[in-house]
Amino acid sequence: MASLGDMAKMMSRYKDIQKGMGELKEQLPNMVFSATGSKQLATVTVGGDFTVRSVEIVPGGSADRFELQQDISEALNNAFANAKQEIASRMKEMTGGIELPGFF
């Protein structure tokens with residue numbers, strides 16, 4: 001059974017995590033992640049709040065419509081994966097490695 005001192009430490013740690021998560025939530029819209037498809041036909045930029053900021057098509061590309069769509073999809077998936085990985089890393093650092101259900 002945990003002592004009152006242990007309980008106080010756990011509550012303090014919980015409050016620190018809660019504060020850190022609030023700060024991270026505020027930072028998300030300002031975080032930016034970019035990725036390019038494997039065929040280098042398109043580059044996309046997404047925010048940490050998982051919004052698409054921009055899609056840039058390489059001018060003069062010789063790809064057909066299908067290849068371009070695939071490259072854009074791949075770039076989006078990569079950018080979102082980069083965002084998710086960075087946010088998960090920051091959360092892991094914040095929680096001291098404790099994995100919280102429902103979060104990355």
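Atoms considered below: every heavy atom in the structure, side chains included; atoms not considered: hydrogens, waters and symmetry mates.
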Is the side chain of [X] donor-acceptor paired with the backbone N or O of [Y] at a distance under 3.5 Å, no angle test?
X: Asn82; Y: Phe33; answer: no
X: Glu86; Y: Ala83; answer: no
X: Ser73; Y: Gln69; answer: yes

Heavy-atom pair of closest approach, residues [X] and [Y]:
X: Thr51; Y: Phe80; result: N-CE2, 4.5 Å
X: Ile87; Y: Gly48; result: CD1-O, 3.4 Å
X: Ala75; Y: Gly37; result: CB-N, 3.5 Å
X: Ala35; Y: Asn78; result: CB-CB, 3.6 Å
X: Leu24; Y: Met91; result: CD2-CG, 3.6 Å

Hydrophobic cluster membership, with links at side-chain heavy-atom distances under 4.5 Å among I/L/V/M/F/W/Y: are Leu68 and Val52 in one?
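Yes, Leu68 connects to Val52 through the hydrophobic network.
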For the hydrophobic clusters of this structure (ILVMFWY residues joined by side-chain heavy atoms under 4.5 Å, transitively), does one cluster hold both Met10 and Tyr14?
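No; tracing contacts between hydrophobic side chains, which count when under 4.5 Å, never links both residues.
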Can you confirm whether [X] sits close enough to [Y] that some side-chain heavy atom of one is under 4.5 Å from a side-chain heavy atom of the other?
X: Leu76; Y: Ile72; value: yes
X: Asp49; Y: Met31; value: no
X: Arg13; Y: Asp16; value: yes
X: Glu74; Y: Lys39; value: no
X: Ser38; Y: Asp71; value: yes
X: Arg90; Y: Glu93; value: no

Return yes when atom CD of Gln85 has more than 12 non-hydrogen atoms of other residues, nucleotides or ligands closer than 6.0 Å, and no otherwise.
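No, because the 6.0 Å sphere around CD of Gln85 holds 12 heavy atoms or fewer from other groups.
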Please report the interatomic distance CD(Glu67) to CD(Gln70), rounded to the nearest 0.5 Å.
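Going from the CD atom of Glu67 to the CD atom of Gln70 covers 7.5 Å.
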Would you give the length of the straight line joining atom CE of Met94 to atom NZ of Lys19, rounded to the nearest 0.5 angstrom?
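If we round to the nearest 0.5 Å, Met94:CE and Lys19:NZ are 11.5 Å apart.
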What's the verdict on side chain to side chain donor-acceptor pair (under 3.5 Å) for Thr43 and Glu56, showing C-alpha distance, side-chain angles and the deciding distance?
CA-CA 5 Å; Thr43 299; Glu56 297 177 37; 5.7 Å; no
Between Arg53 and Val32, is a side chain to side chain contact (heavy atoms under 4.5 Å, CB included) present by the stated rule, with each step listed?
CA-CA 9 Å; Arg53 302 289 173 83; Val32 177; 4.1 Å; yes
